[in-house]
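Quick notes on the structure that follows.
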Amino acid sequence: MTATTGTARTGAAVTAPAAAPARSRTVPAWVWALPPVAVLALAFLYPLALVVQQSFTPDEGGLSLDPYVEVFASASFRDALTTTVWLALGSTAGCLVLGFVLALVIAFVPFPGGKAVARFVDVFLSFPSFLITLALLFIYGSVGMANGLWTGATGAADGPFHFLTTPWGVLLAEITYFTPFVMRPLLAAFSQLDTSQLEVASSLGAGPARIIRRVILPEALPALAAGGSLVLVMCLNEFGIVLFTGAKGVTTLPMLVYSKAILESDYAAACVVAVVNIAISVGLYSLYRVVSRRAGA
C-alpha cells in the first residue's frame, strides 16, 4: 500500500503540468537611457550646437565660412594659438620632470610625514587654480614678500622680481598647480612596484641612478604618459591662471575667446576660436583616454 501510494505521488509529480512562464514586464533599456540623454543634450550638447552655429553666422546673417577665414587670417589668432601650444607643452614637460622627482622622493625616500605629504597631494587636486596664482602673487608680485625683503635689505625703491606678469610667470604658475596631477598616477604606479626588484638591482651593485633608469622608469612610463596627457589637455584650456597673473602680453585661446566675446562683442569670432579650442581639446582628451586605458590608470 505504501509503495503504491509512493508511486502515485511520484506519478503525480511527474505528470503535473508545468507552470506557465511569467510574462516579462521589464522596461526596454532605451527607455531608461532617455532621461540622462535628454539632460545631457539640454545641458551640454545644445549650448555646444549654438556655439558651432554662431561660428558660421557672420554679422550680416546667414551661414558662411567668412568668420573662420577672418579668424584664421588674423595675427592675434595665430599668436594666441602659438602661445597656447608652447605654454601647454612647456608646462607639461615641467610637470613631468618635477612630478617624477617628487613622486620618487615620496615613494622611495623614507622621511617623517611622508604619508601626510602623499595625502596632501590628493587634497591639492581639489584646489582652484586661481588660489595657487594668488599665493604666487603674494610671494613674487610687485609688492610681494620677495620684493619686500629685497627692498628692506638693500634699501632699493623696487625689487627685482617682476617675472610673474610675463609668460615665464604663467609657466611657473601652471607647473606649480598641475604637477600633482602627474604625481597622483605616479604614486599609484610606485605603490604597485615590486620592491624585490630594487633590492636585487641594489645587491648586484646598481647605483640609484641606474636603478631609476633601468627599473623604476620603465614601470612609470604608462603613468607618466597618462598624467602628461591630462596635464596637456588642462593647460590648453586654462583661463584662471593667465587672468590672475595679470600677464597682459600673454594671450591664449581661452583668453582670446574672452576678449572677442566680452571686450569686443565679436561673438562669431569668439565662437570660431572656441570651436578650434574644443576640437584640439577633444582630440587630446581622446589620446589621454587611450593612454590611460593602456596604463590602467
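Computed from a predicted model, the values in this text were never measured in an experiment.
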Compare all side-chain heavy atoms of [X] with those of [Y] and state whether any distance is below 4.5 angstrom.
| X | Y | answer |
| --- | --- | --- |
| Val250 | Met255 | no |
| Thr166 | His162 | no |
| Phe56 | Val52 | yes |
| Val273 | Phe77 | yes |
| Val51 | Val275 | yes |
| Leu136 | Phe244 | no |
| Phe108 | Ile216 | yes |
| Ile280 | Leu81 | yes |

Heavy-atom closest contact ([X] atom, [Y] atom, distance):
| X | Y | value |
| --- | --- | --- |
| Ala103 | Leu187 | O-CD2, 3.8 Å |
| Gly90 | Leu171 | C-CD1, 3.7 Å |
| Ser76 | Leu256 | O-CD2, 4.2 Å |
| Ala88 | Leu236 | CB-CD2, 3.8 Å |
| Pro67 | Val272 | CB-CG2, 3.8 Å |
| Ala173 | Ile241 | CB-CG2, 3.6 Å |

Side chain [X], main chain [Y], donor-acceptor under 3.5 Å:
| X | Y | answer |
| --- | --- | --- |
| Tyr177 | Phe127 | yes |
| Asp66 | Pro58 | no |
| Arg78 | Ala73 | yes |
| Thr84 | Leu253 | yes |

Before giving the answer on side-chain contact (heavy atoms from CB on, under 4.5 Å), spell out for Leu104 and Val109 the whole-Å C-alpha distance, their side-chain angles and the decisive distance to 0.1 Å.
CA-CA 7 Å; Leu104 274 178; Val109 179; over 6 Å; no
Using 0.5 Å steps for rounding, measure from the [atom1] atom of [X] to the [atom2] atom of [Y].
| X | Y | atom1 | atom2 | answer |
| --- | --- | --- | --- | --- |
| Leu172 | Tyr140 | CG | OH | 7.0 Å |
| Ser91 | Leu98 | OG | CG | 12.0 Å |
| Thr92 | Leu230 | OG1 | CG | 9.5 Å |
| Leu186 | Leu221 | CG | CG | 9.5 Å |
| Cys271 | Gln53 | SG | CD | 9.5 Å |

Joint hydrophobic cluster, [X] plus [Y], side-chain heavy atoms closer than 4.5 Å:
| X | Y | result |
| --- | --- | --- |
| Leu102 | Leu217 | yes |
| Val37 | Tyr46 | no |
| Met234 | Phe130 | no |
| Val97 | Ile106 | no |
| Met183 | Ile175 | yes |

In this structure, which one of Leu164, Ile132, Thr245 forms a side-chain contact (heavy atoms from CB on, under 4.5 Å) with Leu137?
Leu164
In terms of relative ring orientation, are Tyr68 and Phe72 parallel, tilted or perpendicular, with 30° and 60° separating the classes?
perpendicular
Taking the six-membered ring for Trp, are Phe161 and Phe163 parallel (under 30°), tilted (30 to 60°) or perpendicular (over 60°)?
perpendicular
Steps toward side-chain contact (heavy atoms from CB on, under 4.5 Å) verdict (Thr83, Thr251)
CA-CA 7 Å; Thr83 302; Thr251 302; 6.0 Å; no
Do other residues, nucleotides or ligands put more than 12 heavy atoms under 6.0 Å from [X] [atom1]?
| X | atom1 | result |
| --- | --- | --- |
| Trp168 | CH2 | no |
| Phe138 | CZ | no |
| Phe100 | CZ | yes |

For Val182 and Phe178, what are the C-alpha separation, side-chain angles and deciding distance, and is it a side-chain contact (heavy atoms from CB on, under 4.5 Å)?
CA-CA 7 Å; Val182 174; Phe178 289 114; over 6 Å; no
Taking side-chain hydrogen bond (donor to acceptor under 3.5 Å, both in side chains) as the test, write out the residues that go with Ser129, two or more places apart.
Glu238
Side chain to side chain contact (heavy atoms under 4.5 Å, CB included) involving Ser281 - partner list, sequence neighbours excluded
Asn237, Asn277
side-chain contact (heavy atoms from CB on, under 4.5 Å) for Phe181 and Cys95? Distances and angles first, verdict last.
CA-CA 8 Å; Phe181 289 86; Cys95 290; over 6 Å; no
